[in-house]
There are 2 protein chains.
Amino acid sequence: MTPPKTIEALRASVLENYDSLSKRLQQIAKYVLDEPNDFALETVAVLADRCGVQPSAIVRFAKSFGFDGASQMQKLFRDDLLAGQSSLGYAERIRQFKDEVGKAKVTGPMQILSEFVDSNILALGHLREDISERDLNEVIKFISDSENVYVAGFGRAFPIASYFAYALSRLNKRTFFIDGVGAYYHSYNRSMTSRDLMIAVSFPPYSPETLETVAGAAEKKCKIVTISDSRVNPLSTHASVALTVKDGEVRQFRSLSVSMCLAQSIVIGYAFQNPKDIASD
Amino acid sequence: MTPPKTIEALRASVLENYDSLSKRLQQIAKYVLDEPNDFALETVAVLADRCGVQPSAIVRFAKSFGFDGASQMQKLFRDDLLAGQSSLGYAERIRQFKDEVGKAKVTGPMQILSEFVDSNILALGHLREDISERDLNEVIKFISDSENVYVAGFGRAFPIASYFAYALSRLNKRTFFIDGVGAYYHSYNRSMTSRDLMIAVSFPPYSPETLETVAGAAEKKCKIVTISDSRVNPLSTHASVALTVKDGEVRQFRSLSVSMCLAQSIVIGYAFQNPKDIASD
DNA sequence: CTAATATTGAAAAATATATTCCAACTCCGA
DNA sequence: TCGGAGTTGGAATATATTTTTCAATATTAG
């Protein structure tokens, strides 16, 4: 017998077969339908207690619906709990997804492209929930209010940073891209003021250049916005707003698509609040 | 020592003491902050695995924040998970969210982010179909076979090009990024040979720099791969392989997420065919 | 450089949890 | 009332998970 694959399927099955269940099993069925959360989190012992039955009855119940045991049934409830908690649970889903595709052993470039596409789609879907409206608005207000914008980002973060620099200057914002050419970046700090904004993009391993630049900017009381992929990062200490992005990932390699999407949303959001500057991208 | 009573208290405490934690404990701290769900549901063993530490380290972590053990700490996360799980179903919450952003003055930044996400998801889905396996394989073979790779891309294409340059050189491929600093790009042509590859990324309006660089490379019989968003573009004349990407678009503004996804797939595809060079991304 | 101190990994021990088993029980039809 | 199929409780067993311990390693101060 094959077990239900989703909570809904299980519910349906329980409802349908309810009358043919034995007394104890009906007790449990009632509880399953009423308190799915308990089933996600509690041990079979306490479940049994709450239903007023023996632990073995819980196992029997699970088996009678096609599961290997109570534990396997609990997985269903846990996954569902996580799915409902989407903004928090997507890392788990990405991992689940990775496990799935991991099984398909073929590793042609097309396969990689496909995995990358899927994982980016998943990750993009959650960007909405990971970024708060308040933060987004605040960042855009910072850009609007600042005299000059400094942008820093090295290594993997460079493409994102360079987009900011390019796009903002196209929108007639005075923007300086601290690109490390000529190890010139020290001197930027000198001219920063509290009316300026620094946008720092950085992913592990955090480059010392970015750190130094941000620290320098902080000394000058420059507003600081950081974009990173973890809440804990050496930059956020100084940040006025710290945006966190979870990018897609395929076999160790993290994507930049979602970070790029965020960067562009910020720029475009800014552009629409200052329509006179829009020329064309 | 008395343990935090709420997740927020715990978070605060972790953040506050982060610097004084040992290396392993910091690893765990990061994970605690970034993936609270995992801590609610997974066993100590898998948590340890995901943090890259020993199970005992997780217990130590919990104790260092005043808990009796890891299990007690997990209770906190579980309670929180349950609390956050309002009576609303998932679908309903999404709907609510959509309504919210729908109401927000039609062009709030959050609305733009949301539209951008949607359009990128759509566009990503098409990427699979727009790129042929043959082309993808050929590009990767070009990279493998070439002595040197030259990468060019200006304006909006710059972030994509810079990613290629960064990632390929990390994989120990001899890569030259023609970045236009010092209008230096003319001279690159001189050293190109038929054993080299040029990757040119360009979107309208096609920058004369890219055009000139590509033309120069063609003269030297250099292999040429172009990435663009239209089949008809001044670059493709010279191209051995011309990849075409349709990026997402929101109110005039074209995204770069899909192009970035393609770029990364190429690089990773290359990396997997030359495994010895993979260090970390 | 050395010694004291702290951190870490690995595995053993303790604990908790799930599952199986079987004797006792219930229910029903003959 | 009897017999048997199906159900149940609870103990026994198997499994899994967490916690402790300790030797090895790394870090720090003198």
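Order of the sequence lines fixes the chain letters, A, B, ..., with proteins taken first and strands second; residue numbering starts at 1 for each chain.
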Tell me the interatomic distance from [X], atom [atom1], to [N], atom [atom2], rounded to whole angstroms.
| X | N | atom1 | atom2 | value |
| --- | --- | --- | --- | --- |
| B:Leu25 | C:dA6 | CG | P | 14 Å |
| A:Ile58 | D:dG9 | CD1 | P | 11 Å |
| A:Ile28 | D:dT7 | CD1 | P | 13 Å |
| B:Phe39 | D:dT18 | CZ | P | 11 Å |
| B:Phe67 | D:dT18 | CZ | P | 15 Å |
| B:Gln26 | C:dT7 | CD | P | 11 Å |
| A:Arg24 | C:dC27 | CZ | P | 10 Å |

Given the rule in the side chain to side chain contact (heavy atoms under 4.5 Å, CB included) test, do A:Thr43 and A:Leu47 qualify, once you have shown the distances and angles that lead to the verdict? CA-CA 6 Å; A:Thr43 67; A:Leu47 254 26; over 6 Å; no
Which residues satisfy the side-chain contact (heavy atoms from CB on, under 4.5 Å) test with A:Ile121, sequence neighbours excluded?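 Partners of A:Ile121 by the side-chain contact (heavy atoms from CB on, under 4.5 Å) criterion, ordered by chain and then number, come out as A:Val117, B:Ile121, B:Leu124.
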Could you go through the side chain to side chain contact (heavy atoms under 4.5 Å, CB included) check for A:Phe77 and A:Asp38 one step at a time? CA-CA 9 Å; A:Phe77 285 96; A:Asp38 279 13; over 6 Å; no
From the options C:dA18, D:dT18, C:dA10, select the nucleotide whose nearest atom is closest to the side chain of B:Ser71.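 Shortest atom-to-atom distance from the side chain points to D:dT18.
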Which nucleotide sits closest to the side chain of B:Gln74: D:dG10, D:dT18, D:dT8?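 Nearest to the side chain of B:Gln74 among the choices is D:dT18.
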Count the heavy atoms of every other residue, nucleotide or ligand shown that sit under 6.0 Å from CD of A:Gln72, and state whether that count exceeds 12.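 Yes, enclosed.
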For A:Lys5, is the NZ atom crowded, meaning more than 12 foreign heavy atoms sit under 6.0 Å from it?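 More than 12 within 6.0 Å, yes.
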Worked check of side-chain hydrogen bond (donor to acceptor under 3.5 Å, both in side chains) between A:Ser207 and A:Thr210: CA-CA 6 Å; A:Ser207 80; A:Thr210 312; 2.8 Å; yes
Determine whether the aromatic ring centres of residues A:Phe158 and A:Phe177 are separated by less than 6.0 angstrom.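 Yes; A:Phe158 has its ring centre under 6.0 Å from that of A:Phe177.
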How about B:Glu35 and B:Arg50: do any of their side-chain heavy atoms sit closer than 4.5 Å?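 When only atoms from C-beta onward are counted, B:Arg50 and B:Glu35 do not touch, as no gap falls below 4.5 Å.
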Would you jot down, in residue-number order, the residues of residues 40-48 of chain A having a non-hydrogen atom under 4.0 Å from DNA chain C?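 Those residues whose heavy atoms fall under 4.0 Å from DNA chain C, taken from residues 40-48 of chain A in numerical order, are A:Thr43, A:Val44, A:Ala45.
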Classify every nucleotide of nucleotides 20-27 of chain D by which part a protein heavy atom approaches to under 4.0 Å, writing B for the base, S for the sugar-phosphate alone and - for neither, in 5'-to-3' order. B-------
Distance test, side-chain N/O of B:Gln54 to OP1/OP2 of C:dA10, below 4.0 Å: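 The answer is yes; a side-chain N or O of B:Gln54 sits under 4.0 Å from OP1 or OP2.
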So, for A:Lys220 and A:Met192, which heavy atoms are closest and what is the spacing to 0.1 Å?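 The pair with the smallest heavy-atom distance is CB-O, 3.7 Å.
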